[in-house]
Protein chains: 2
Amino acid sequence: MSRKAVMTTDKKQAILDSALQLFVKKGFNATSTASIAKAAGVATGTLFHHFPTKKDIMSQLFLSIKQEFATNMISNTDFIGDIEQDANTLWQKAIDWAIAQPLKQLFFLQYSMSADIDADVRKQAMNSILGFVVELIEQGKQQQIIADFPNALLLENCHGQYLAAIRFFTDNPNLGDDDAHRNASFRLFWQAMKA
Amino acid sequence: MSRKAVMTTDKKQAILDSALQLFVKKGFNATSTASIAKAAGVATGTLFHHFPTKKDIMSQLFLSIKQEFATNMISNTDFIGDIEQDANTLWQKAIDWAIAQPLKQLFFLQYSMSADIDADVRKQAMNSILGFVVELIEQGKQQQIIADFPNALLLENCHGQYLAAIRFFTDNPNLGDDDAHRNASFRLFWQAMKA
DNA sequence: GTCTATATGCCGATAGAC
DNA sequence: GTCTATCGGCATATAGAC
């Protein structure tokens with residue numbers, strides 16, 4: 001309420017916010033550092049004070065969004081011990097998050113497999129940030145509820161089906177809270193994974 | 001055998017071939033038109049004689065590879081009428097193709113959802129070229145062998161699971177002819193799709 | 001169709017005052 | 001930390017001879 005509020009002198013965050021919008025809208029290489037700085041309301045000198053190179057903006061953006069996604073997924077989630085039901089809870093939460101964050105959803109779709117992001121950065125995100133998925137898979141396999149396929153294949157499949165689902169809900173935004181479609185998307189996923 | 005052979009005076013194709021290699025290796029924007037021309041052994045003037053802009057190179061490349069994939073999929077394929085078995089035949093053929101064409105496989109992974117390719121070009125590829133997938137899905141649904149989920153969702157899921165599979169076999173090239181992994185990848189796909 | 005030569009504009013990044 | 005001013009380079013695309 002107060003006029004001062006948190007008074008974001010946080011130019012660095014403003015740069016990341018603007019970069020997200022422009023990278024999604026125009027693509028990485030079609031976005032000049034000058035345009036990012038302008039949209040963020042800072043000077044180019046300031047931009048390069050916070051980020052050594054343009055690629056560093058992208059790397060930090062990618063990691064911070066993945067981290068935000070993972071944090072959202074594991075916080076306030078009640079695991080009841082039933083793998084299928086827990087998987088459903090997580091799946092719906094992941095879809096919810098994507099729908100609530102259309103810009104970040106588009107960012108995932110565009111850059112999850114792009115060469116604009118260094119391979120080691122993508123690897124870091126997969127290993128350290130998406131670790132909770134690996135754990136769930138292993139737990140399910142021990143209980144013989146998830147199919148006994150190689151872990152790497154299962155993980156890649158999870159990722160691919162999630163991207164397919166959010167691609168669908170991106171292209172059909174009105175179906176985002178249609179129960180039939182949401183349940184279908186989970187069934188598609190779960191039927192693939194289950195033993 | 002003969003020294004003259006087909007004597008490729010076909011500079012246009014040489015440009016597309018070089019572009020494929022460079023786009024996969026360095027990314028679209030990190031690849032200069034000058035480097036494409038040099039790798040193809042032609043002058044930049046020649047390049048711009050055949051392609052009005054750099055983006056046109058990408059568009060033509062994308063469409064020609066998708067077309068090549070589709071043509072390969074439907075030619076010399078014996079459909080026996082059993083949906084599951086026909087789906088397996090196509091799936092294995094798709095994996096085979098990807099493994100035999102590592103460059104084009106990487107191209108798919110990198111650019112299938114990239115902003116470097118115009119949306120209408122991607123749409124054109126999906127609709128006209130991948131039409132045989134839609135037909136198979138509809139046929140399977142009529143026979144109640146494929147799950148009665150919305151077509152667009154099923155199609156997107158097919159695409160996503162295929163990309164996941166070739167991503168896996170790209171990262172684990174030694175498993176490309178391991179029957180266990182290949183069958184697992186089809187089971188993962190079919191379990192998702194089946195009624 | 002293919003080449004050589006070139007323009008011209010924009011981009012990432014730096015210097016240095018405040 | 002933030003700004004203004006600016007550089008050097010490179011990339012796309014063109015002009016015009018052959």
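Convention: sequence-line order gives letters A, B, ...; per-chain numbering from 1.
For C/dC3, one of the phosphate oxygens OP1 or OP2 lies less than 4.0 angstrom from a side-chain nitrogen or oxygen of B/Lys11. In this model, the phosphate group of D/dA11 is not approached by any side-chain N or O of B/Thr33 to a distance below 4.0 Å at OP1 or OP2. For C/dC3, one of the phosphate oxygens OP1 or OP2 lies less than 4.0 angstrom from a side-chain nitrogen or oxygen of B/Thr46. When the side-chain nitrogen and oxygen atoms of A/His50 are compared with OP1 and OP2 of D/dT2, one or more of them lie within a distance under 4.0 Å. In this model, the phosphate group of C/dG1 is approached by a side-chain N or O of B/His49 to a distance below 4.0 Å at OP1 or OP2.
In this entry the distance linking NZ of B/Lys55 with C1' of D/dA13 reads 16 Å, nearest Å. Rounded to whole Å, the distance from NZ on A/Lys12 to P on D/dC3 is 16 Å. If you take CD1 of A/Ile15 and P of D/dC3, they are 9 Å apart, rounded to a whole angstrom. To the nearest angstrom, P of D/dG1 lies 12 Å from CZ of A/Phe51. Put simply, CE on B/Met58 is 16 Å from C1' on D/dT12, counting in whole angstrom units. Atom CD in A/Gln13 sits roughly 18 Å away from atom C1' in D/dT2 (whole-Å rounding). D/dT4 atom P lies 14 Å from atom CG of A/Leu47, rounded to whole Å. The CZ-C1' distance, from A/Phe48 to D/dA5, rounds to 15 Å in whole Å.
When the side-chain contact (heavy atoms from CB on, under 4.5 Å) test is applied to A/Leu103, the partners found at least two apart in sequence or on another chain are A/Leu20, A/Gln21, A/Val24. Qualifying side-chain contact (heavy atoms from CB on, under 4.5 Å) partners for A/Ala195, counting only residues two or more places apart in sequence or in other chains: none.
Between the side chain of A/Ser18 and the backbone N or O of A/Ile15 there is no donor-acceptor pair closer than 3.5 Å.
The aromatic rings of B/Phe189 and B/Phe186 sit tilted, their planes meeting at an angle between 30° and 60°.
Backbone-only engagement by B/Thr31 is indicated by non-hydrogen atom pairs under 4.0 Å involving sugar-phosphate atoms exclusively.
Aromatic ring centres of B/Tyr162 and B/Phe69 lie closer together than 6.0 Å.
When each of B/Thr71, B/Leu63, B/Ile65 is paired with B/Gln67, the side-chain contact (heavy atoms from CB on, under 4.5 Å) condition holds for B/Thr71 and for no other.
For B/Lys54, whose side chain is taken as the heavy atoms from C-beta onward, the closest listed nucleotide among C/dC3, D/dA13, C/dG12 is D/dA13. Distances were taken from every side-chain heavy atom of A/Val42 (C-beta onward) to each of D/dC3, C/dT14, C/dC3; the shortest belongs to D/dC3.
At a cut-off of 3.5 angstrom, the base of D/dA5 holds at least one donor-acceptor pair with the side chain of A/Thr44.
Between its two ends, the helix from C/dG1-D/dC18 to C/dC18-D/dG1 turns its axis by 10°, counting five pairs per end and rounding to 10 degrees.
A salt bridge links B/Asp96 and B/Arg182; the closest N-O separation between the charged side-chain nitrogens and carboxylate oxygens is under 4.0 Å.
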